[in-house]
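Have a look at the structure below before the remarks.
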Amino acid sequence: MQYSAARYLIFFQYAGTKYSGVMKTPADQAVEGVQNHLESAVRKLKPVNEVSVSISSRTDTGVHALCNSAHVDIQRRADKPPLQEQTLVEALNFHLKAEPIRITRAYRVHSDFHARYQAISRTYVYRLALGLRHHTEMPVTERDLCWALRDTDIQFWELAFKSRSFLYRQVRRMTGALVAVGQGRLSVSQIQELLEARDSLAFPNNLTAPAHGLFLTNVQYRDADLAWLNRDII
């Protein structure tokens with residue numbers, strides 16, 4: 001029996017500190033993207049088709065993800081049936097064990113499913129650490145995982161943003177603007193002017209929050225898109 005390629009939706013997480021971002025980078029670039037490692041792990045399963053992982057949600061250099069997603073087609077040799085979802089998770093994690101990247105879930109989905117276009121929402125969380133007199137006061141477990149701001153008492157804040165999609169650096173700019181207003185560096189009327197300008201180039205670059213405090217925490221899909229067992233997917 002000849003089996004066709006099976007399409008899977010995979011959910012994965014990563015610490016983004018060492019990567020150029022989630023997207024694939026050219027072979028001659030020194031710092032790789034998370035996608036490079038995902039595709040390498042899939043190739044080690046020895047599929048007969050060309051490997052291409054389609055990422056749902058782009059994250060930039062230094063940004064982390066507790067939950068990102070992607071779809072990938074895997075066609076095995078003629079005598080081998082499609083991989084079970086949990087088997088795929090375990091196999092990919094085995095080949096990713098040297099990297100701070102982990103597959104958390106996998107779903108067999110319809111052949112025309114698209115991880116990016118069928119996502120109905122994305123949620124980001126930006127983490128702020130307040131009250132540090134100097135960045136060296138940051139707990140070692142929090143370094144590169146939040147934006148350290150000076151104040152009086154140490155505390156952690158989390159800002160959550162949810163939408164179907166976001167513009168380039170939108171969450172970091174919104175966070176930076178909120179912090180600037182709180183610090184008196186930007187007025188509410190200036191925020192209004194920036195919104196009315198409808199021009200990303202009008203936003204001051206020095207107000208964009210740093211990448212390392214940002215986490216992609218969820219990519220949501222309709223339950224019906226994930227319930228492949230009730231469909232004919234061969």
Side-chain angles (χ1 to χ4, degrees), residues 1-27 31-59 63-124 164-165 215-234:
M1 179 178 180
Q2 176 68 49
Y3 292 97
S4 60
R7 178 162 293 188
Y8 298 91
L9 171 66
I10 59 173
F11 289 90
F12 57 100
Q13 55 186 213
Y14 49 90
T17 306
K18 64 175 286 188
Y19 303 112
S20 67
V22 71
M23 304 305 292
K24 186 176 181 179
T25 58
V31 182
E32 293 183 308
V34 174
Q35 184 180 357
N36 295 72
H37 296 280
L38 292 175
E39 292 188 352
S40 176
V42 175
R43 289 192 190 95
K44 290 176 181 177
L45 304 182
K46 302 188 183 304
V48 299
N49 61 305
E50 185 76 19
V51 173
S52 178
V53 172
S54 297
I55 305 292
S56 76
S57 308
R58 181 168 185 159
T59 60
V63 176
H64 316 288
L66 297 179
C67 177
N68 203 341
S69 60
H71 73 258
V72 61
D73 294 332
I74 299 177
Q75 183 172 5
R76 307 181 77 196
R77 296 198 308 268
D79 59 333
K80 292 186 176 293
L83 289 165
Q84 295 295 314
E85 292 136 325
Q86 187 57 35
T87 301
L88 177 61
V89 170
E90 293 171 359
L92 291 178
N93 280 335
F94 175 80
H95 294 299
L96 288 166
K97 60 186 177 181
E99 298 294 326
I101 304 170
R102 289 296 175 269
I103 311 300
T104 58
R105 290 174 289 156
Y107 295 88
R108 177 102 180 268
V109 291
H110 201 274
S111 60
D112 62 0
F113 178 91
H114 199 287
R116 177 183 174 188
Y117 299 123
Q118 287 179 251
I120 61 175
S121 73
R122 294 163 174 86
T123 302
Y124 287 86
R164 181 167 185 177
S165 59
F215 292 75
L216 173 61
T217 61
N218 191 37
V219 182
Q220 185 177 1
Y221 297 91
R222 294 181 179 86
D223 290 341
D225 288 333
L226 306 184
W228 73 270
L229 284 172
N230 296 323
R231 306 190 198 177
D232 179 18
I233 305 182
I234 296 295

| task | Drop me the distance from Tyr8's OH to Ile103's CD1, to the nearest 0.5 angstrom. | result | 13.5 Å
| request: Please check if the side chain of Asn68 supplies one atom and the backbone of Ser57 the other of a donor-acceptor pair under 3.5 Å. | output: yes
| Which distance, rounded to the nearest 0.5 Å, do you find between the CG of Leu38 and the OG of Ser54? | 11.5 Å
| said: To the closest 0.5 Å, what do you measure between CZ (Arg122) and CZ (Arg164)? | reply: 8.0 Å
| is_close_aromatic(His37, Tyr19), centroid dist under 6.0 Å | yes
| said: Is there a side-chain contact (heavy atoms from CB on, under 4.5 Å) between Leu226 and Leu9? Walk through the geometry before answering. | reply: CA-CA 8 Å; Leu226 306 184; Leu9 171 66; 3.4 Å; yes
| message | Going by side chain to side chain contact (heavy atoms under 4.5 Å, CB included), Ile101 matches just one of Val34, Val22, Leu92. Which one? | response | Val34
| remark: In short, Arg108 meets Ala6 closest at the heavy-atom pair NE-CB, 3.2 Å
| message | Working note: Tyr14 + Leu96, criterion side-chain contact (heavy atoms from CB on, under 4.5 Å); need CA distance, chi angles, decisive distance, verdict. | response | CA-CA 11 Å; Tyr14 49 90; Leu96 288 166; over 6 Å; no
| said: Let me confirm one number: the OG-CZ distance from Ser165 to Arg58, rounded to the nearest 0.5 Å. | reply: 14.5 Å
| message | Using the side chain to side chain donor-acceptor pair (under 3.5 Å) criterion, which residues pair with Arg105? Sequence neighbours excluded. | response | Tyr107
| query | Say you draw a straight line from CZ of Arg7 to CG of Asp73; how long is it, rounded to the nearest 0.5 Å? | reply | 4.0 Å
| By side chain to side chain donor-acceptor pair (under 3.5 Å), which residues pair with Gln220, not counting sequence neighbours? | Ser121
| query | Does Arg222 have any side chain to side chain contact (heavy atoms under 4.5 Å, CB included) partners at least two apart in sequence or in another chain, and if so, which? | reply | Ile120, Asp225
| query | Does Phe215 have any ring pair (Phe, Tyr, Trp, His ring centres under 6.0 Å) partners at least two apart in sequence or in another chain, and if so, which? | reply | His64
| message | If I compare all heavy atoms of Val42 with all of Pro47, which pair ends up nearest, and what's the gap? | response | O-CD, 3.4 Å
| Donor-acceptor pair, Thr123 side chain versus Thr217 backbone, under 3.5 Å? | no
| said: Could you go through Thr104 and Val89, starting from their C-alpha distance and side-chain angles, then the distance that decides it, and tell me whether this counts as side-chain contact (heavy atoms from CB on, under 4.5 Å)? | reply: CA-CA 7 Å; Thr104 58; Val89 170; over 6 Å; no
| said: Please check: side-chain N/O of Asn49 versus main-chain N/O of Gln75, any donor-acceptor pairing under 3.5 Å? | reply: yes
| With Thr25 via side chain to side chain contact (heavy atoms under 4.5 Å, CB included) - residues at least two apart | Ser20, Gln29, Glu32, Asn36
| said: Working to the nearest 0.5 angstrom, can you tell me the gap between Asn93 CG and Phe12 CZ? | reply: 12.0 Å
| Which pairs pass salt bridge (Lys or Arg N to Asp or Glu O under 4.0 Å) with one or both residues in residues 89-104, sequence neighbours excluded? | Lys18-Glu99
| task | Applying side chain to side chain donor-acceptor pair (under 3.5 Å), name anything that partners Ser69, two or more places apart in sequence or on another chain. | result | Ser56, Tyr221
| Residues forming a side chain to side chain donor-acceptor pair (under 3.5 Å) with Glu50, sequence neighbours excluded | none
| task | Mind jotting down which residue pairs meet the ring-ring contact (aromatic ring centres under 6.0 Å, His included) criterion with at least one end in residues 70-99? Sequence neighbours excluded, please. | result | His71-His114
| Residues forming a side chain to side chain contact (heavy atoms under 4.5 Å, CB included) with Ser52, sequence neighbours excluded | Glu39
